[in-house]
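Note sheet for the following structure.
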Amino acid sequence: MRSRQQAMAQEDRKAREALNSEIQQLKYELRQTRAQLSRHSQENMMYKDEIRRAETQNEETKRRLEEKANELKGAQAFLKHANMLSGADVISLIDRLNSEVYQGAASMVDTVEFEGASRRMDDAAWKRATSATSKTIGGELTQALIAQRGKDKDDYDPILLQYALQTCLIFCCFKICISWAPEEENSQFLRNVYSEIQKKEDQVVAGRWRALTRAHIRETRNPEAETKQIIRELRAVLTVAGCSDEELSTEFEKDLLEIATLAIRVQTAIGESITSMDLEPYILPPGIPFDAALMEEEGGSREQGKKTVGCTGLGLAQLVNGDRTILVRAKVLLDSAL
């Protein structure tokens, strides 16, 4: 009996030991499984982080591609060099402007009254008038008008006044045509910037920059304001010549507005409508020898050896990669005409 109990106790102990061993094994396996699960969880988190980084990089790449695509579109728009006008179109505009100036000056001469020395003014007003004409028509034409001012009405030469008015109008139109902005300081700054761009960039890039810049400034150009400035300059010429000037605001303001508007059209054409080359209106200063390659004389006689005293018609030059070609010769008045 006792031996049987001992046998049963021994079996029970072995069973417990086997169970404990199995429990320990299960605990070990559980720890291993948990460690594995922890590693898998960490790996999953790493994979998720990598996926998030990849998605972020993908979004960034997509954004950059879209930016590049937009940049390329912008570059294509910037670099397109199709001219909206031809050189012949601009020549036609210059010819028309010169014709309108000639007709306008002739009409004014037929209308204004010569008052001569009887037209008096204070010294300050006279100084302002002669200072203005020295800039617009030059010193020699100014002196010729002053000399004629002292003559009798019967000796008055209207042709001289017409030349002076033409020269003044052409000077004003030239200033409009070459301007970049209404304020001369801003205009000169932009011209200098463009000159530097021309030195470093191809014509297609420089020309497109010019066109875009001028297009954005265009809205500030006011024909009425330009007309008022033209009237001020013409008043000075008529004052120095001893002629009435009330007619400028009454009878000729509409004609002068058309001339100013046409000059702005030239400015727009050469500034915005042509990018494959540069077209530049030009005038010639007084006091230089006659040069048939650059100028033609008012009246067409082409007198060699004479000097210019005024410019009565705009010229037009074409510039491509530094090469200059004259398309329209400037019309000049020579000293032999005085």
Side-chain angles (χ1 to χ4, degrees), residues 87 90-110 130-148 157-179 229-230 233-234 236-238 240-241 243 256 259-260 262-263 266-267 269-270 278-319 324-338:
V90 180
I91 290 173
S92 179
L93 282 173
I94 291 289
D95 288 341
R96 182 180 167 192
L97 179 57
N98 284 338
S99 176
E100 290 291 333
V101 166
Y102 171 82
Q103 293 176 33
S107 296
M108 280 184 266
V109 168
D110 290 339
T130 54
S131 176
T133 57
S134 294
K135 295 177 182 176
T136 57
I137 66 174
E140 198 163 349
L141 259 180
T142 296
Q143 291 304 314
L145 290 179
I146 293 173
Q148 180 164 268
D157 181 8
I159 295 298
L160 177 61
L161 178 59
Q162 180 175 334
Y163 288 152
L165 292 173
Q166 274 183 257
T167 301
C168 181
L169 280 170
I170 288 297
F171 178 85
C172 294
C173 289
F174 171 70
K175 296 287 285 184
I176 294 172
C177 289
I178 68 167
S179 66
Q229 179 61 31
I230 291 174
E233 301 296 356
L234 291 173
V237 173
L238 292 172
V240 171
C243 295
L256 293 172
I259 289 174
L262 189 54
V266 172
Q267 190 260 1
I270 64 174
D278 284 284
L279 295 178
E280 293 184 352
Y282 71 93
I283 58 176
L284 297 164
I288 64 172
F290 180 80
D291 182 351
L294 295 174
M295 59 188 85
E296 62 177 292
E297 185 190 358
E298 182 72 42
S301 64
R302 298 189 182 184
E303 293 189 50
Q304 299 292 339
K306 301 296 183 180
K307 291 186 177 181
T308 60
V309 294
C311 201
T312 56
L314 282 176
L316 182 67
Q318 171 185 297
L319 286 84
R324 183 182 179 91
T325 304
I326 302 300
L327 302 180
V328 177
R329 288 177 298 163
K331 188 166 286 189
V332 296
L333 181 68
L334 298 181
D335 53 11
S336 56
L338 302 182

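In this text the structure is predicted, and so the values were computed from the model without any measurement.
Every residue meeting the side-chain contact (heavy atoms from CB on, under 4.5 Å) condition with T308, not counting sequence neighbours, appears here in chain and number order: I288, M295, V332, L334. Annotation: side-chain contact (heavy atoms from CB on, under 4.5 Å) contacts of A132 (sequence neighbours excluded): E233, A236. Checked against side-chain hydrogen bond (donor to acceptor under 3.5 Å, both in side chains), T167 has no partners two or more places apart in sequence or in another chain. For Q162, the side-chain contact (heavy atoms from CB on, under 4.5 Å) criterion is met by Y102, A105, A106, V109, I159, Q166, not counting sequence neighbours. Applying the side-chain contact (heavy atoms from CB on, under 4.5 Å) criterion to A263, with sequence neighbours excluded, gives L97, C173, I176, C177.
Between L161 and L238, some side-chain heavy-atom pair lies under the 4.5 Å cut-off. Inter-residue side-chain proximity for L160 and L141 is flagged as met; some heavy-atom pair is nearer than 4.5 Å. I146 has its side chain within reach of T130: a pair of non-hydrogen atoms, C-beta onward, lies under 4.5 Å apart.
Shortest non-hydrogen contact noted between I137 and A164 is CG2-O, 3.4 Å. Closest non-hydrogen pair, Y282 versus V328, comes out as OH-O, 3.5 Å. Closest approach of V90 to A269, counting heavy atoms only: CG2-CB, 4.3 Å. The minimum heavy-atom distance linking P281 with V266 is given by the pair CG-CG1, 4.3 Å.
A side chain to side chain donor-acceptor pair (under 3.5 Å) check over residues 90-100, counting only residues at least two apart or in different chains, returns the pairs S99-Q103.
To the nearest 0.5 Å, atoms CG (L93) and CD (Q267) are separated by 12.0 Å. Residue L169 holds its CG atom at 9.5 Å from OG1 of T136, rounded to the nearest 0.5 Å. Within the model, atoms NZ of K306 and CG of L333 stand 12.5 Å from one another, a figure rounded to the nearest 0.5 Å. To the nearest 0.5 Å, atom CD1 of residue I270 and atom CD of residue E280 are 7.5 Å apart. The distance from atom CG of L314 to atom CG of L284, rounded to the nearest 0.5 Å, is 10.5 Å. With rounding to the nearest 0.5 angstrom, the CD1 atom of I326 is 10.0 Å from the CD atom of Q318.
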- Criterion side-chain contact (heavy atoms from CB on, under 4.5 Å) on L256 and L234, from CA distance to verdict: CA-CA 10 Å; L256 293 172; L234 291 173; 3.8 Å; yes
- Message: For a side-chain contact (heavy atoms from CB on, under 4.5 Å) check, start with the C-alpha distance between C243 and M108, then their side-chain angles and the critical distance, and finish with the verdict.
- Response: CA-CA 11 Å; C243 295; M108 280 184 266; over 6 Å; no
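The backbone N or O of D157 lies less than 3.5 Å from a partner atom in the side chain of Q148, making a donor-acceptor pair. Between the side chain of Y163 and the main chain of G310, no donor-acceptor pair closer than 3.5 Å is present.
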